[in-house]
Amino acid sequence: MADTSKPDYYTGPQAGDFTTADEPFALFEAWLEDAAKHEPNDPNAMALATVDPDGLPNVRMVLLKGVDQPDREDRGFVFFTNFESAKGRELLASGKAALCFHWKSLRRQVRVRGLVSPVAPEEADAYFATRPRGSRIGAWASAQSRPLESRFALEKAVALYTAKYAVGDIPRPPYWSGFRVVPVEMEFWHDRPFRLHDRVQFRRSGPAAPWVKTRLYP
């Protein structure tokens, strides 16, 4: 039986006629700004999809930490992680990834597919320095994605590095850095009544190529 307690249409903040946008980055930033006002938690959360050496997909949630300025040639989406983790190894091997932002409070979604490259060491250093001290200790203590014998073993490693870096700055681990996803495809989706959603796709052949916009059936 259908759930009649909820309407089959969206009555919250509207996206306007986003199908008239000429390029995707400004539209994304406008939607992210809307999400920051309405999402209860982590409006910058995104699903990151990768593939392992056998081609089997992997997906997990990470946090977007930056969108590059328009004057950057390889403009993209930046996040940070342990390069020795499963996602780090897979991204380094394939050089490709997909992202998905889903803002439930707004009933909007953005999908991204693109090319991946590590950020410059200076960029990683600058971001690492802004992290809480406990998070910087955690970057040293956690052998991310590898087997952990017990919670106590992790806490012991945290205590060890806390003592090691009790005074002064905490350097960035050599295996901890960031990735930049430079999109070749971005799709914007907005809920509409009776599943007749609005979808707009932007595609290009490479980072320097012009965007081609296509409206898609829902």
**OP:** Write down the atom of Phe128, the atom of Ala139, and the distance for their closest heavy-atom approach.
**Re:** CE1-CB, 3.8 Å
Original post:
With a cut-off of 6.0 Å (strictly less than), are more than 12 heavy atoms of other residues, nucleotides or ligands near NZ of Lys96?
Top reply: no
**OP:** Could you grab the distance from atom CG of Leu92 to atom OG1 of Thr50, nearest 0.5 Å is fine?
**Re:** 11.0 Å
Original post:
Hey, what do you get for CG (Asn58) to CG (Asp52), rounding to the nearest 0.5 Å?
Top reply: 6.5 Å
**OP:** Indicate yes or no for a side-chain donor-acceptor contact from Ser142 to the backbone of Gly138 under 3.5 Å, with no hydrogens or angles considered.
**Re:** no
Original post:
Name the one of Arg111, Arg113, Arg204 that satisfies side-chain hydrogen bond (donor to acceptor under 3.5 Å, both in side chains) with Glu185?
Top reply: Arg113
Original post:
Does the pair Val181 and Phe79 meet the rule for a side chain to side chain contact (heavy atoms under 4.5 Å, CB included), with working shown?
Top reply: CA-CA 9 Å; Val181 180; Phe79 65 95; 3.9 Å; yes
Subject >> Phe25 CZ to Leu27 CG distance, which is reported to the nearest 0.5 Å >> reply: 11.5 Å
Original post:
Between atom CG of Leu196 and atom CG of Asp191, what is the distance when rounded to the nearest 0.5 Å?
Top reply: 10.0 Å
Subject >> CD-CZ distance between Glu39 and Arg108, expressed to the nearest 0.5 angstrom >> reply: 10.0 Å
Original post:
Donor-acceptor pair, Arg172 side chain versus Trp176 backbone, under 3.5 Å?
Top reply: yes
Original post:
Parallel, tilted or perpendicular: which fits the ring planes of Phe18 and His190, with parallel below 30° and perpendicular above 60°?
Top reply: parallel
Original post:
Are Arg136 and Tyr165 in a cation-pi setup, meaning NZ or CZ lies under 6.0 angstrom from the ring centre and within 45 degrees of the ring axis?
Top reply: no
**OP:** Show the numbers, then the answer: is there a side chain to side chain contact (heavy atoms under 4.5 Å, CB included) between Arg146 and Asn82?
**Re:** CA-CA 11 Å; Arg146 280 151 288 182; Asn82 186 322; 4.0 Å; yes
Original post:
Can you tell me if Gln201 and Thr214 form a side-chain donor-acceptor pair at under 3.5 Å?
Top reply: no
**OP:** Step through it carefully: locate the ring centre of Phe188, locate the ring centre of Phe101, and say whether they are under 6.0 Å apart.
**Re:** no
Subject >> CA sep, side-chain torsions, deciding dist, call: Val62, Thr81, side chain to side chain contact (heavy atoms under 4.5 Å, CB included) >> reply: CA-CA 9 Å; Val62 300; Thr81 190; over 6 Å; no
**OP:** Say whether, by atom type as modelled, one donor and one acceptor occur between the side chain of Arg203 and the main chain of Val212 under 3.5 angstrom.
**Re:** no
Original post:
Has the side chain of Arg215 got a donor or acceptor atom that lies under 3.5 Å from a matching backbone atom of Val200?
Top reply: no
**OP:** To the nearest 0.5 Å, tell me how far Lys37 NZ sits from Trp103 CH2.
**Re:** 13.0 Å
Original post:
Any donor-acceptor pair under 3.5 Å linking the side chain of Asp169 with the backbone of Pro171?
Top reply: no
Original post:
Should we count CZ of Arg180 as having more than 12 external heavy atoms under 6.0 Å?
Top reply: yes
**OP:** Mind telling me whether Tyr175 and Trp140 have parallel, tilted or perpendicular rings, with 30° and 60° as the class edges?
**Re:** perpendicular
Original post:
Can you name the closest pair of heavy atoms from Ala45 and Leu63 and give their distance?
Top reply: CA-CD2, 3.8 Å
